[in-house]
Every structure is written in C-alpha cells, then in structure tokens.
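Written below as structure tokens is the structure these notes are about.
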Amino acid sequence: MKPVSLIQFLIEERRAGHINAELSLLIEVVARACKRIGVATGKGALGGVLGEAGTGNIQGEAQKKLDVISNEILLEANAWGGHLAACASEEMEDPQQIPDGYPKGKHLLLFDPLDGSSNIDVNVSVGTIFSVLRCPDGVTEPKAEHFLQPGTTQLAAGYVVYGPATVLVLTFGHGTHEFTLDREVGSFILSRRAIRIPEQTAEFAINMSNQRHWQAPMQRYIGELLAGKTGPRGKDFNMRWVASMVADVHRIVTRGGVFYYPLDAKILDKGGKLRLMYEANPMAFIIEQAGGAATTGRQRIMELQPSGLHQRVPVFLGSKEEVELVTHYHREADGAVS
Ligand code: FBP
C-alpha cells in the first residue's frame with residue numbers, strides 16, 4: 001500500500017468536504033510546530049532543555065524549560081500562519097492575539113504545549129494536545145469568552161506523543177486517525193485510519209495514590225476492579241499509569257482501556273485536575289470518534305458549557321462499557337438514576 005502523508009490525507013478530507021482549506025493549512029502548521037517540539041524534547045540533557053524554567057504559569061505550577069520552549073514554538077508558528085484569529089494555551093492566562101501586520105484567520109486554537117510535565121526530566125513520553133474552534137463572526141480581537149464553546153463545536157482535535165516514535169492522532173469529526181512521523185523524510189505518514197476502540201476492556205489507568213480521597217462511587221467501582229475474579233465483576237483487571245495523559249490516552253487509542261482522573265477531596269475546590277478546554281475536550285472528541293465514551297462521571301464532557309478558559313473537570317474516558325458503568329455508579333449515588 002502506498003504510504004499516505006498527512007498532506008495527502010488533508011487534501012482527501014477537503015475533497016470529502018470534511019474540512020476547508022484554512023483548517024487544513026492550520027493543521028499543517030500545528031503538525032510542523034510539533035515536529036520542532038519533538039526535536040527539542042529529543043535533545044534531552046544535551047540540549048540544555050531539562051529542568052525548571054524558574055517561572056510559574058496561570059495554573060500556579062512551576063514551568064519546565066520545555067513547557068516554555070514548546071509554548072513559544074506553537075505561538076511563533078501560528079502567529080504568521082494566517083489561519084488564526086487568536087490562540088490560548090495552558091501556559092498563558094489570556095488568549096494570545098495575532099500580531100498586527102500578520103493576516104488573521106477564522107479559527108481559534110487551544111493547546112497544552114507539553115502535557116505530562118512531571119515526566120519531562122525522566123525521559124518518559126510527553127505530548128502536545130490541541131483543539132480548534134470557529135471564531136464567532138464579527139469578532140476581530142477574541143477574548144477568553146469567545147473560546148468558551150462546548151466541546152461539541154470543536155472543528156478538529158489532536159495530540160502528538162513524543163515517545164519512542166512521534167505519533168499524531170487527529171479527528172475532524174469523521175473518525176480518528178493516526179500518523180507516525182517518518183523521521184528520515186520528516187513527514188507524518190498515515191499509520192491507522194478510522195480507529196475503533198474495543199467497547200470492553202480489562203485495563204484501567206488511575207493514580208491509585210489518591211484512593212483515600214476519592215468519592216464513594218469511585219471507591220466502589222475501583223474496589224470491584226481490584227477484586228477481579230473474586231468480586232462482582234468476575235474477571236481480573238490490570239492497571240497502568242504513565243502520568244502523562246497523552247501517553248495513557250494513546251495506549252487506549254491503540255488497544256482499548258480506560259483513563260480516570262476523578263474528583264477527590266484534595267482537588268474539590270478546583271473542580272478537578274485536568275483542564276476542560278485543552279485536555280478533556282480534545283481527548284473526548286478523539287475518543288468518541290473512535291467509538292469510546294468520555295464523561296465527567298456525571299455527564300458527557302463535550303456537552304459541558306465552559307465557564308472559564310482554565311476550568312478543570314473530572315475525566316472518565318475510554319472503552320464505552322466501563323465508562324458507562326462508572327458514570328452510572330456516580331449518577332446512582334447522586335439519585336439521578338436508580
Ligand atoms: P500537565 O503536565 O500538562 O500539567 O498535565 C497534567 C498531567 O501531567 C497529565 O498529563 C497526567 O495525566 C496527570 O497530570 C498526572 O497527574 P498525577 O501527577 O496526579 O499523577
């Protein structure tokens with residue numbers, strides 16, 4: 001089979017009427033920027049890119065040098081691309097306007113420039129996550145409020161994992177597709193088209209060290225998984241936790257499974273750990289388009305009306321049957337269902 005490059009695939013999507021020229025070119029710019037981020041992360045200690053940047057971000061987190069470098073690479077690439085009205089990043093409090101003198105486009109881009117920051121210095125896979133929205137008509141200087149659109153309005157979502165291989169996973173709402181970077185040629189090549197995630201799974205991902213802080217429905221659900229064959233589920237479950245959402249989600253996109261970051265007593269005041277606009281929404285779109293499910297434990301993530309650019313939410317995503325069951329346990333506990 002002749003290899004299909006990302007560019008060819010984007011032309012196919014345009015011919016199929018799934019995307020327009022501007023969105024296609026925007027994805028090319030983002031993919032190119034991610035190749036540069038991949039080169040930077042690949043240098044490790046030799047590139048002087050490990051360790052703290054000495055600055056903090058809007059999340060109140062200490063920034064890693066690679067958080068700052070990745071953010072700058074994405075901002076610079078998208079400033080002159082001409083396909084954006086503005087962009088928003090996990091690393092910046094407010095949206096970034098397109099500098100005067102550069103053409104503006106009709107799209108809004110949101111991104112987590114380097115997800116899995118706690119793994120950067122220990123050479124474990126990290127990644128970039130992005131989401132594309134339409135800029136409301138007539139808006140020339142988009143503010144945070146113009147980004148607050150439900151996940152169902154996303155035009156595109158994707159992530160790139162910087163691991164042993166550099167892999168891009170992408171959706172425009174017509175299936176989820178995977179591209180692997182051919183490092184010799186420097187092109188992303190289609191490696192899996194129209195991915196389907198198995199509805200059943202025996203593999204779960206959660207940070208077990210938070211167990212004592214979980215709410216009762218989560219204690220019940222995970223308790224049943226750990227009881228395995230001897231418990232009500234009648235089968236054994238295995239656990240994985242990379243602590244890079246992109247890597248944990250990519251495992252699910254590859255072989256199924258579930259990923260949970262529930263609300264717990266430690267993060268109750270924040271509403272969750274992971275960010276709705278540039279972590280939960282894009283991953284939910286990708287997972288749903290591959291036949292999986294994504295909820296907050298109580299409702300579909302993509303139907304949430306965002307209240308803030310850096311809003312955090314609980315995340316339950318992956319193989320449909322497990323996500324539906326753990327969501328049912330939460331809604332049952334709330335008395336929303338019997
Ligand atoms: P950032 O690295 O972008 O802040 O993302 C948060 C994150 O690192 C996720 O990638 C990961 O799933 C989670 O936090 C790990 O949380 P914990 O440190 O509790 O295991």
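What you see below is based on every heavy atom in this structure, not just the backbone, and it leaves out hydrogens, waters and symmetry mates.
- Side-chain contact, Ser319 with Glu322: no donor N or O sits under 3.5 Å from an acceptor N or O.
- Checked against His107 for a side-chain hydrogen bond (donor to acceptor under 3.5 Å, both in side chains), the options Glu22, Arg134, His83 give a single hit: Glu22.
- Looking at Thr327 and Thr295, their side chains do bring a donor and an acceptor atom within 3.5 Å of each other.
- More than 12 heavy atoms of other residues, nucleotides or ligands lie within 6.0 Å of CG in Asp269, so this atom counts as buried by the packing criterion.
- Judged by distance alone, with hydrogens and angles left aside, the side-chain atoms of Asn71 form no donor-acceptor pair with the main-chain N or O of Pro113 at under 3.5 Å.
- A donor-acceptor pair shorter than 3.5 Å can be found between the side chains of Ser117 and Asp67.
- A donor-acceptor pair shorter than 3.5 Å cannot be found between the side chains of Ser131 and Asn281.
- Note: Trp241 and Phe259 have parallel aromatic rings, judged against thresholds of 30 and 60 degrees for the angle between ring planes.
- Checked against salt bridge (Lys or Arg N to Asp or Glu O under 4.0 Å), Arg298 has the following partners two or more places apart in sequence or in another chain: Asp334.
- Panel note: side chain Asp121, backbone Gly51; a donor-acceptor pair is recorded below 3.5 Å.
- Counting heavy atoms from C-beta on, the side chains of Tyr278 and Met283 never come closer than 4.5 Å.
- Counting only distance, with no hydrogens or angles, the side chain of Ser5 and the backbone of Gln8 share a donor-acceptor pair below 3.5 Å.
- Remark: side-chain polar atoms of Arg275 are not paired, donor with acceptor, to backbone N or O of Arg312 under 3.5 angstrom.
- For the pair Leu110 and Pro95, the minimum side-chain heavy-atom distance is 4.5 Å or more.
- Contact of the Leu190 side chain with the Leu6 side chain is not registered, since no non-hydrogen atoms from C-beta on lie closer than 4.5 Å.
- Under a 3.5 Å cut-off, the side chain of Gln305 and the backbone N or O of Leu148 do form a donor-acceptor pair.
- Between Val242 and Val124, the closest side-chain pair of non-hydrogen atoms falls below 4.5 Å.
- Interatomic distance, CG of Asn238 versus CG of Leu225, reported as 11.0 Å (0.5 Å rounding).
- Between the side chain of Lys35 and the main chain of Gly186, a donor-acceptor pair closer than 3.5 Å is present.
- Using modelled atom types, no side-chain atom of Ser70 and backbone atom of Ile37 make a donor-acceptor pair closer than 3.5 Å.
- Going from atom CD1 of Ile69 over to atom OG1 of Thr41 covers 10.0 Å, rounded to the nearest 0.5 Å.
- Grouping the Ile, Leu, Val, Met, Phe, Trp and Tyr side chains by contacts below 4.5 angstrom, directly or via other members, places Val29 apart from Ile7.
- Under the 4.5 Å side-chain heavy-atom criterion for grouping Ile, Leu, Val, Met, Phe, Trp and Tyr, Ile129 is not connected to Leu168 through any hydrophobic cluster.
- Note that CG of Asn20 and CD of Glu13 are 12.0 Å apart. Values are rounded to the nearest 0.5 Å.
- Note that the NZ atom of Lys2 and the CD1 atom of Ile189 stand 9.5 Å from one another [nearest 0.5 Å].
- Annotation: Lys270, atom NZ; neighbour count of heavy atoms from other residues, nucleotides and ligands within 6.0 Å does not exceed 12.
- Of the possible donor and acceptor atoms, one in the side chain of Gln219 sits under 3.5 Å from a partner among the backbone N and O of Gln211.
- Residues passing the salt bridge (Lys or Arg N to Asp or Glu O under 4.0 Å) test with Glu199: none are found, sequence neighbours excluded.
- Annotation: ring-ring contact (aromatic ring centres under 6.0 Å, His included) contacts of Phe316 (sequence neighbours excluded): Tyr260, His330.
- Of all non-hydrogen atoms in Val313 and Ala280, the two that sit nearest each other are CG2-CB, 3.8 Å.
- Few gaps surround NZ on Lys235; more than 12 heavy atoms of other groups in view lie less than 6.0 Å from it.
- No chain of hydrophobic side-chain contacts below 4.5 Å, direct or via other Ile, Leu, Val, Met, Phe, Trp or Tyr residues, connects Ile98 to Leu309.
- There is a side-chain donor-acceptor pair under 3.5 Å between Glu224 and Tyr329.
- Checked for salt-bridge contact, Arg240 and Asp248 miss the test: no charged N lies under 4.0 Å from a carboxylate O.
- Tracing side-chain contacts under 4.5 Å through hydrophobic residues (I, L, V, M, F, W, Y), one reaches Leu304 starting from Ile287; they form part of the same cluster.
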Report task. With side chain to side chain donor-acceptor pair (under 3.5 Å) as the test, would you mind laying out the steps for Asn119 and Ser244 before giving the verdict? Result -> CA-CA 7 Å; Asn119 280 324; Ser244 285; 2.9 Å; yes
Query raised in the report: Taking it one step at a time, do Gln63 and Glu52 satisfy side chain to side chain donor-acceptor pair (under 3.5 Å)?
Result: CA-CA 6 Å; Gln63 290 178 308; Glu52 311 277 330; over 6 Å; no
Query - Verdict with reasoning, Arg300 to Glu288, per salt bridge (charged side-chain N to carboxylate O under 4.0 Å, His left out) - result: CA-CA 10 Å; Arg300 187 181 169 217; Glu288 285 195 4; 2.8 Å; yes
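- In terms of hydrophobic clustering, with Ile, Leu, Val, Met, Phe, Trp and Tyr side chains grouped at heavy-atom distances under 4.5 Å, Val167 and Met245 are assigned to a common cluster.
- Taking the side chain as every heavy atom from C-beta outward, Glu90 and Glu279 approach each other to under 4.5 Å.
- In this structure, the side chain of Asn210 does not engage the main chain of His213 through any donor-acceptor pair within 3.5 Å.
- A salt bridge links Glu12 to Arg193: at least one charged side-chain nitrogen sits closer than 4.0 Å to a carboxylate oxygen.
- Not a single donor-acceptor pair under 3.5 Å links the side chain of Thr296 to the backbone N or O of Val315.
- Once rounded to the nearest 0.5 Å, the distance linking CZ of Phe237 with OG1 of Thr201 reads 7.5 Å.
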Query raised in the report: Passes salt bridge (charged side-chain N to carboxylate O under 4.0 Å, His left out), Glu141 versus Lys104? Steps please.
Result: CA-CA 10 Å; Glu141 290 266 327; Lys104 291 189 178 178; 3.7 Å; yes
Query raised in the report: When you look at Tyr159 and Thr128, which way does the side-chain contact (heavy atoms from CB on, under 4.5 Å) test go after all the steps?
Result: CA-CA 5 Å; Tyr159 64 76; Thr128 298; over 6 Å; no
Query raised in the report: Where do Phe179 and Phe9 land on the ring pair (Phe, Tyr, Trp, His ring centres under 6.0 Å) test, with the steps shown first?
Result: CA-CA 10 Å; Phe179 302 81; Phe9 178 85; 5.1 Å; yes
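- For the atom pair CG of Leu276 and CE of Met302, the computed distance is 11.0 Å after rounding to the nearest 0.5 Å.
- Using a 4.5 Å cut-off on side-chain heavy atoms (C-beta onward), Thr180 and Phe188 make no contact.
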Query raised in the report: Is there a side-chain contact (heavy atoms from CB on, under 4.5 Å) between Phe285 and Thr152 once you walk through the steps?
Result: CA-CA 8 Å; Phe285 194 19; Thr152 47; over 6 Å; no
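- In this structure, Lys106 places its NZ atom where only 12 or fewer heavy-atom neighbours from other residues, nucleotides or ligands lie under 6.0 Å away.
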